[in-house]
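Only one structure is covered here, and it is reproduced in the block below.
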Amino acid sequence: MTSAAEIFAAHVSRPLSAPVEANVFAPSNIALSKYWGKRDKALNLPLNSSLSISLGQWGTETRIAPADVDSLVFNAELMAKDAPAAAKVWTFVDLFCGDNRPALAIETTNSIPTAAGLASSASGFAALTAALDAAFQTDLPKATLSMLARFGSGSATRSFWHGFVRWDAGQADDGTDSYAYPIDAALPDFRIAIVAVDTGPKAQSSTDGMTHTVATSPLYAPWPARAEADCAAIEAAVWAGDFATLGQLAEDNALAMHATMMAARPAVTYLKPQSWAVLDTLWAARRDGLQAFATMDAGANVKLIFEDPSTADVQSLFPDAQIINPFEAPPAGSV
Ligand code: 2P0
């Protein structure tokens, strides 16, 4: 069986050159057709493909510079090396660099407002992978960066491009065909609203939540095939510029994912009463003609998708929602 270290050794040519200073931005992303379930935990391989929209200027900026000792500064705060989030970063750096790596100063900043309550592991590991590639001048193709970032976090595979991105589950045992690529069709009117419900840390990590769902949920079995079909149908709707079809499919897919979790034993429940209240308000407005749809991930917050002409209506329903234009110009230094 191939190990993570062997995959990195096969793709990152060593010995590495001396690091130079590098600064990279990667956007966060929200899945319209969700990744839920792993077929291999060690190689972090998914049971199904997924399709996302990147969040434009919302993401992570990571700077790497040569240093005398390792340091990691996250949102202006120095992190102890053994803090769980920091340990994940250093494990990934060690995988990328192999033995005897030089000391590095890593500084990483999220441009996602904390109040939005969005996870940052997708943009975080994409920015880290791209910054390592730039710092060591390994010049890897983006598909390879996407494949390697998977070892930090599955959703990071999708954060190397703006707009719509698809992550193919792949079939190879070693996962070398499990990476993302862009769907080069823009929907310039596409908008996202983040309706924050709960911005505290989540009760159960998505890794644990999905592992438990796969192991115990009697509703999980049909999910991988359903997710593949949803990916294909959403991709077709993107190419056709058919927002109404895309939106309904994305909402159906999210609710189906949550249904697999709720049937787990014991249940995995990320949605809170207030999440359902947001959905009730949305569905009532939709019955009155508003074309907006919801998607929810491993947390209680609700993300709405709609087109620009509906912005004022969405804002009046949810005055505190943060509205994102995913097709605005990316920040300097973006992947
Ligand atoms: C997604 N989520 O497709 C799905 C939908 C959450 C719900 O990808 O275990 O942090 O690190 O590969 O990428 C969140 O899971 O999980 C996620 P790991 P990750 O966006």
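As the structure lists them, so they are numbered: ligands from 1, and atoms in each ligand from 1.
- Any N or O atom pair closer than 3.5 Å counts here, and Ser153 shares at least one such pair with ligand 1.
- Judged by distance alone, the side chains of Lys34 and Asn253 never bring a donor and an acceptor atom under 3.5 Å apart.
- Ionic pairing of Asp297 and Lys303 is present here: one or more N-O contacts between side-chain nitrogen and carboxylate oxygen are shorter than 4.0 angstrom.
- With 3.5 Å as the limit, one finds no donor-acceptor pair spanning the side chains of Trp161 and Ser54.
- For the pair Glu251 and Arg286, the salt-bridge criterion is met [side-chain N within less than 4.0 Å of a carboxylate O].
- Defined by atom type and a distance below 3.5 Å, a donor-acceptor pair is missing between the side-chain atoms of Asp70 and Trp90.
- Close contacts between ligand 1 and Ser121 involve ligand atoms 10 (O) [criterion: under 4.0 Å to a heavy atom].
- Ion pairing between Arg191 and Glu307 fails under the 4.0 Å rule for side-chain N and carboxylate O.
- A donor atom on one side chain and an acceptor atom on the other are not found under 3.5 Å apart for Thr211 and Asp208.
- Contacts of Asn44 with ligand 1, taken as heavy-atom pairs under 4.0 Å, involve the side chain alone.
- Considering both main-chain and side-chain atoms, Ser33 never comes within under 3.5 Å of ligand 1 through any nitrogen or oxygen pair.
- Heavy atoms of Arg158 found under 4.0 angstrom from ligand 1 belong exclusively to the side chain.
- Residue-to-ligand polar distances place Ser155 within reach of ligand 1: an N/O pair is separated by less than 3.5 Å.
- Residue-to-ligand polar distances place Ser206 within reach of ligand 1: an N/O pair is separated by less than 3.5 Å.
- For Arg166 and Tyr181, the side-chain atoms include at least one donor-acceptor pair closer than 3.5 Å.
- Given atom 8 (O) of ligand 1, the protein heavy atom at minimum distance is Tyr35 CD2, 3.2 Å.
- Every atom of ligand 1 with a heavy atom of Lys34 under 4.0 Å away is listed here by number and element: 3 (O), 5 (C).
- Here the protein heavy atom with the shortest distance to atom 7 (C) of ligand 1 is Asp297 OD1, 3.7 Å.
- Of the polar atoms of Thr207, at least one N or O is found under 3.5 Å from an N or O of ligand 1, judged by distance alone.
- Using a 4.0 Å cut-off between charged side-chain N and carboxylate O, Lys142 and Asp133 make no salt bridge.
- Set against the non-hydrogen atoms of Gly154, the atoms of ligand 1 under 4.0 Å away are 11 (O), 12 (O), 13 (O), 18 (P).
- Listed by number with element, the atoms of ligand 1 under 4.0 angstrom from any heavy atom of Ala31 are 1 (C), 3 (O), 20 (O).
- Remark: ligand 1 atoms within the under-4.0 Å shell around heavy atoms of Lys38 are 9 (O), 12 (O), 18 (P).
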